[in-house]
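Worksheet for the structure shown next.
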2 protein chains.
Amino acid sequence: MVTMADVAKRAGVTKQTVSNVVRGRTVVSAGTRAKVEAAIDELGYTPNLVARGLSTGTTMTVGFVVPTVANPFYSAVVEEVEALLETRGYHLLLATTRGDGARARRQLASLSSRSVDALLVAGDFDLSECPPAPEGHGPPLVLCAWEIDPPRTLPVVTIDFERAGYLAGRHLRELGHRRVTVVADLPAHRVRVAGLRRALAEDGVSVPDEWVFAAPGATPESGYEAASRALRDRAERPARDRTTAVFSSTDATALGVMEAVRHHGLRVPEDISVIGVDDIPQAAHAHPPLTTVALPKRRMAREATELLWRAIAEGRPTAPSLTLLDPEVLARASSGPAAAAG
Amino acid sequence: MVTMADVAKRAGVTKQTVSNVVRGRTVVSAGTRAKVEAAIDELGYTPNLVARGLSTGTTMTVGFVVPTVANPFYSAVVEEVEALLETRGYHLLLATTRGDGARARRQLASLSSRSVDALLVAGDFDLSECPPAPEGHGPPLVLCAWEIDPPRTLPVVTIDFERAGYLAGRHLRELGHRRVTVVADLPAHRVRVAGLRRALAEDGVSVPDEWVFAAPGATPESGYEAASRALRDRAERPARDRTTAVFSSTDATALGVMEAVRHHGLRVPEDISVIGVDDIPQAAHAHPPLTTVALPKRRMAREATELLWRAIAEGRPTAPSLTLLDPEVLARASSGPAAAAG
DNA sequence: ATGAAAGCGCTAACAT
DNA sequence: ATGTTAGCGCTTTCAT
């Protein structure tokens, strides 16, 4: 490996001068600068960022702990954050927790000691159980996508997930639905379900617990499976008690739900309306196009990155704050008026 | 920040002994080990990995350069690689190129100087144009998902993309299709199209260039748009010259293609068969379920990570190699026999 | 404007 | 089994 000392010797100067040239300081005369740059080229020198990091205490690296990137929601956030970091020459150290609390804590600890300049943590149910403490040592922490009980001790940028459920409920209510089945990744998405219930309650409608079906993992498969169980139940009920709409806590499960509805010989939305959450790219191109509550994930990524910059600039203790971004209903063809009762 | 020296003083030993304890060396007596561990706990000491990295020349970090994580293909690969790295305590430094050649080269250079222990690069068209050289300095390099002209100078694990196209062509041929339209993200996926053509040519069938439609970006939107153009063309031709099948170079575009077909009042697969490539999670739950050529991406990730371990163990110069993984047709409902001519 | 010296926190190679 | 001495490659004083 060619070091700064090699370049210095070659150019007939000291390490310090080379350092000044490399970092674009203006204190170097044009002549020496040229000599040094020539030496750098000839030797193929690149600065060792680890050594610089040890010296300056800054690594130009941000850690990001995220449940998974196989989920379109998080992959969009990662993509956006990475792009933003790159504009300032920062790098992204990515760790996934995969819904495993122990793993999550391990990742957090090991990223902290890796001297990242800041740490961004995306919400995970398992992590919500034990929110990372704003310890004195360790890099500044920013939280995002925090669905359950955002801690008031840290800066957090998240989406109003309760409102996402609420807006879905309001949309269904406005279409006249009064018997709504829920397919949700529980307990992770319990807040979305609570929002849905709040909206329906405003109309005196309640969702019995037996109409709530668990779809773990937020995949079309699990949505299909949960909806199949729901539809078997439904078929056994008298016509006037039958579900006219399904609220799915993610778009991914909603796609599976729609397939299950069709396989049961029912039509979307004539027999059953379906509404999802997130607005993944496939939602608009599903069959029929999926009504959904869009989550402003890229905006969330941008605001979280802003907090990251602030945290890095300020140094250690980051002031607590809570930014709650508003979701928005995208009415498409998978939802329609409730069929006349009976 | 509490350092090793602090712990040493507190425990009444030297840094070296603390170091031995921290790294689980067996040369420490039970008594001193206990004292040191107590001091570590009291002080809340965590080792500084940057300093260790400078000292050992190893950072326990692997860089991964990938076109994007917003695409399910790459996000699955990233997920798998990250999980594998984590089992050995390694971290993932992620960089995305987003189809931008200049950006790709920048990312490569900056990751190299960050002293990652190894560098994995996923294929990108822009990078294919100038394959990264196996330079003497810089970390060992492994390539994966290399679609165009894998360099013979480096270890590379990729998928036989030409064969993916070929298998799609053979599937359509066996169903009796002779007039096939292509929707592809060109030029990135030109190899897939070449494979398709080779299969059809075995049956004396050729695909005219006017039947090849560009769908940049591999999104349902671009697939929809490309297919709409294709279908307008098709409608102007006499019935006996009309396309009976569409080969889409990705599943994402294929979803858009199917939607466009329906919007033109045609049925999948009765009027037009559709086949995609990749087997993304949504493919099985599309309407109708999408026939596709599955790409063994997780297996690719595993084999690439194996090469990474080998490269890290061996040290600098990695022996060139080429592993080509076989794709596989998943026949589902979106493809069927060609409608009788006329 | 450039040089010399010290040190970031750790590990490695000896010495004891 | 533990202590001592040198660095790793860079940045930061402080001289000149």
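Below, all heavy atoms of this structure are taken into account, side chains as well, without hydrogens, waters or symmetry copies. Letters go in sequence order (proteins before strands), and every chain restarts at 1.
A/M1 has its CE atom 15 Å from the C1' atom of D/dG7, to the nearest Å. One atom, CZ of B/R23, and another, P of C/dC10, lie 11 Å apart when rounded to the nearest Å. Atom CZ of A/R52 and atom P of D/dC10 are 8 Å apart (whole Å). If you take CE of B/M4 and C1' of C/dT11, they are 8 Å apart, rounded to a whole angstrom. With rounding to whole Å, A/Q16 atom CD is found 9 Å from C/dG3 atom C1'. One interatomic measurement links the two molecules: CG of B/N48 to P of C/dC8, which rounds to 12 Å at whole-angstrom precision. Computed from coordinates, the B/N20 CG to C/dC10 C1' distance equals 12 Å when rounded to whole Å. For the pair B/K15 NZ and C/dA15 P, the computed distance is 19 Å after rounding to whole Å.
Not a single donor-acceptor contact under 3.5 angstrom links the side-chain atoms of B/T17 to the base of D/dG3.
Using a 4.0 Å heavy-atom distance criterion, B/V50 is classed as making no nucleic acid contact.
Remark: B/R25 is not in phosphate contact with D/dT2, judged by side-chain N or O atoms under 4.0 Å from OP1 or OP2. When the side-chain nitrogen and oxygen atoms of A/S29 are compared with OP1 and OP2 of C/dT2, one or more of them lie within a distance under 4.0 Å. Contact annotation: B/T14 side-chain N/O to D/dG3 OP1/OP2 distance is under 4.0 Å. Note on A/T32: a side-chain N or O is less than 4.0 Å away from OP1 or OP2 of C/dT2.
Contact between A/A95 and A/L111 at its shortest, heavy atoms only, is CB-CD1, 4.1 Å.
In this structure, of C/dG3, D/dT2, C/dC10, it is D/dT2 that holds the atom nearest to the side chain of B/V28. Of the listed nucleotides (C/dC10, C/dA12, C/dT11), C/dC10 has the atom at the smallest distance from the side chain of B/Y45.
For an aromatic pair to be called close, the ring centres must be under 6.0 Å apart, and B/W146 with B/F161 fails this.
Contact check for B/V78 versus B/V81: no side-chain heavy atoms found under the 4.5 Å cut-off.
The main-chain N or O of A/T17 is never found under 3.5 Å from a side-chain atom of A/R25 such that the two would form a donor-acceptor pair.
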Derivation and outcome, side chain to side chain contact (heavy atoms under 4.5 Å, CB included), residues B/E82 and B/H91: CA-CA 7 Å; B/E82 195 266 348; B/H91 281 138; over 6 Å; no
